Amino acid sequence: MQFVSTRGQAPALGFSDAVLAGLAADGGLYVPQSWPQLSAADIASYAGKPYADVAFDIINRFVDGEIAPAKLEAIIDEAYASFRHPSVTPLVELEPNHFVLELFHGPTLAFKDVAMQFLSRIMDHILAERGLRATIVGATSGDTGSAAIEAFRGRDTTDIFILHPLGRTSPVQRLQMTTVLDANVHNIAVEGTFDDCQNVVKAMFNNHKFRDSVRLSGVNSINWGRIVAQIVYYVTAAVSLGSPHRKVSFTVPTGNFGDIFAGYCAKAMGLPIERLIIATNANDILRRTMDTGRYEMEGVSPTISPSMDIQISSNFERLLFEAAGRDATAVVRMMDSLKQSGGFALPETALANIRRDFAAGTTGEAETRATIAATLKNSDYLLDPHTAVGVHVARAQPWSATPMVTLATAHPAKFPSAVKDASGIEPALPAWLGDLYGREERLTVLANDQSLVEDFIAARTRAA
Ligand SMILES: Cc1ncc(COP(=O)(O)O)c(C=O)c1O
Ligand SMILES: N[C@@H](CCOP(=O)(O)O)C(=O)O
């Protein structure tokens, strides 16, 4: 299996090289050259199987023999042994025909753990086999960073540098990153927004001299290794609800579009998904794009679901590539226009293709709070603000007999003050994080400036 860039100018790579590369050399994102197909019998065979077994069967189709199956199986088993729920990602019925898929039972309480626990182990394996070290960089609005730091801490093959927007994460998210004091972990608080952090990360990848000199690798969902691991829970959830004999719809709280793109991948592989619903907070660029056919940047406003305070939705590029019939030239045109003028128009057929598979809705701040309060009252279930954005959008969809699954992307305890404001209940952190507020912090504040960040990294990485 080869992976090709959405911009068509970078060499096609196998799984291991695509994972180590993160972003393609032409600035594009890697996608598989073709979608491996799950037959109805394959899907039916997953019923009752442990999560790790399903994960192995799906991920192995993309690894395509590059890693010995027994080794891959061991890596996947170990990754999901760190989850605190035996099903790894359990489904809970919220109300008739509406379920939440709890993705927050990993070590840092957000869905990012599902992919990151896999990615750190697979990268470690590939690097160790090649006798190499890499410099890992990531931009975070709070959850990717904590999951990545937890997954990569203490590893000899990697140094990890995480950029977060100064003062724009929840205190729990910040502390989960900055209190990890392992020598290979470096936290940079950037004076700017998440989009600024992500722009610096992408610019470092596009600075080929720097990229090569520190052997740069990425852990954001621009890395195919993140997406592939997220396909799995769409499959396990759909199978629990009766697939392949029954269709399922998913509503996904969305920012960088990685999580919902994994749902698209599952559908492309043959999972019977009826609709994928994009749920945005007040930073609603994706919902507006679905309405108007124009992707148009506006400023980012801080919300109580801060992890989704994003305007440049990286993985939307993967969907554009697919929807435009894999026309890399059209993708380059759109991305150039985004860079130059802050927006672009979608080609008509691409828009029609996207509207066939996706719908979208927005949840404002007051609605997010009201959803948390009402869900506690009516279903005795405490939502985090990101999941509440999804639940509100799911409830606003036209009625359908098809089961709806809303992805519960974070544990409410990551956002205690927003949840308390909305519900009157302050969710407690689990025991292993109980002393988080008392731990020593380490971080460096830097201006939003690529060369300052590059100098900081170059002076500290062991991969140079
Ligand atoms: C809690 C939470 N929910 C939802 C999202 C949005 O996910 P994605 O960026 O994959 O669209 C994020 C961050 O990305 C998150 O941290
Ligand atoms: N919400 C994210 C933003 C980065 O998303 P990613 O999935 O591309 O890593 C975060 O929590 O950092």
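When a ligand or atom number is given, it counts from 1 through the structure's own listing order. Nothing fancy with the numbering, it's 1 onward along the sequence. It should be emphasised that the depicted structure is a prediction, and the values quoted were computed from it without experimental measurement.
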Strictly under 6.0 Å, is that where the ring centroids of Phe15 and Phe62 end up?
no
Verify the neighbour count for atom CG of Asp380: are there more than 12 heavy atoms of other residues, nucleotides or ligands below 6.0 Å?
no
Counting each atom of ligand 1 from 1 as listed, which ones have a heavy atom of His386 under 4.0 Å away?
1 (C), 2 (C), 3 (N)
Please check this pair: side chain of Arg121 against backbone of Gln117, looking for a donor-acceptor N/O pair closer than 3.5 Å.
yes
Under a 4.0 Å heavy-atom limit, does Lys414 contact ligand 1 with its side chain, its backbone, both, or neither?
neither
Answer yes or no: is there a donor N or O on one side and an acceptor on the other, between the side chain of Thr6 and the main chain of Gly28, under 3.5 Å?
no
Should the pair Asp182-Arg155 be classified as a salt bridge under the 4.0 Å nitrogen-to-oxygen rule?
no
Mind running salt bridge (Lys or Arg N to Asp or Glu O under 4.0 Å) on Arg7 and Asp26 for me, showing each step along the way?
CA-CA 7 Å; Arg7 302 201 187 171; Asp26 58 1; 5.9 Å; no
Nearest non-hydrogen protein atom, atom 3 (N) of ligand 1:
Thr409 OG1, 2.8 Å
Would you say the side chains of Thr444 and Arg460 form a donor-acceptor pair under 3.5 Å?
no
Pairing of Glu296 and Arg288 as salt bridge, 4.0 angstrom limit
no
Checking Thr251, Thr375, Thr363, Thr406 against Arg395 for side-chain hydrogen bond (donor to acceptor under 3.5 Å, both in side chains), the one that qualifies is Thr375
Among Ser314, Ala262, Ser313, Ser307, whose heavy atom sits nearest atom 15 (C) of ligand 1?
Ser307
Which one of Asp143, Ile227, Leu103, Thr140 has a non-hydrogen atom at the shortest distance from atom 16 (O) of ligand 1?
Asp143
Near Gly258 (heavy-atom distance under 4.0 Å), the atoms of ligand 1 are 8 (P), 10 (O), 11 (O)
Show which atoms of ligand 1 fall inside a sub-4.0 Å distance from at least one heavy-atom site of Ala410.
1 (C)
Counting heavy atoms only, which of Phe257, Phe316, Phe194, Phe111 comes nearest to atom 12 (C) of ligand 1?
Phe111
Could you tell me, atom by atom, which parts of ligand 1 come under 4.0 Å of a heavy atom of Asp259?
10 (O)
Write down, by chain and number, every protein residue that brings a non-hydrogen atom to less than 4.0 Å from an atom of ligand 2.
Lys112, Ala139, Thr140, Ser141, Gly142, Asp143, Thr144, Phe194, Asn220, Ser221, Arg226, Asn256, Ser307, Ile310
Hey, does the Lys NZ or Arg CZ of Arg84 hover above the aromatic six-ring of Trp432, less than 6.0 Å from the centre and inside 45° of the axis?
yes
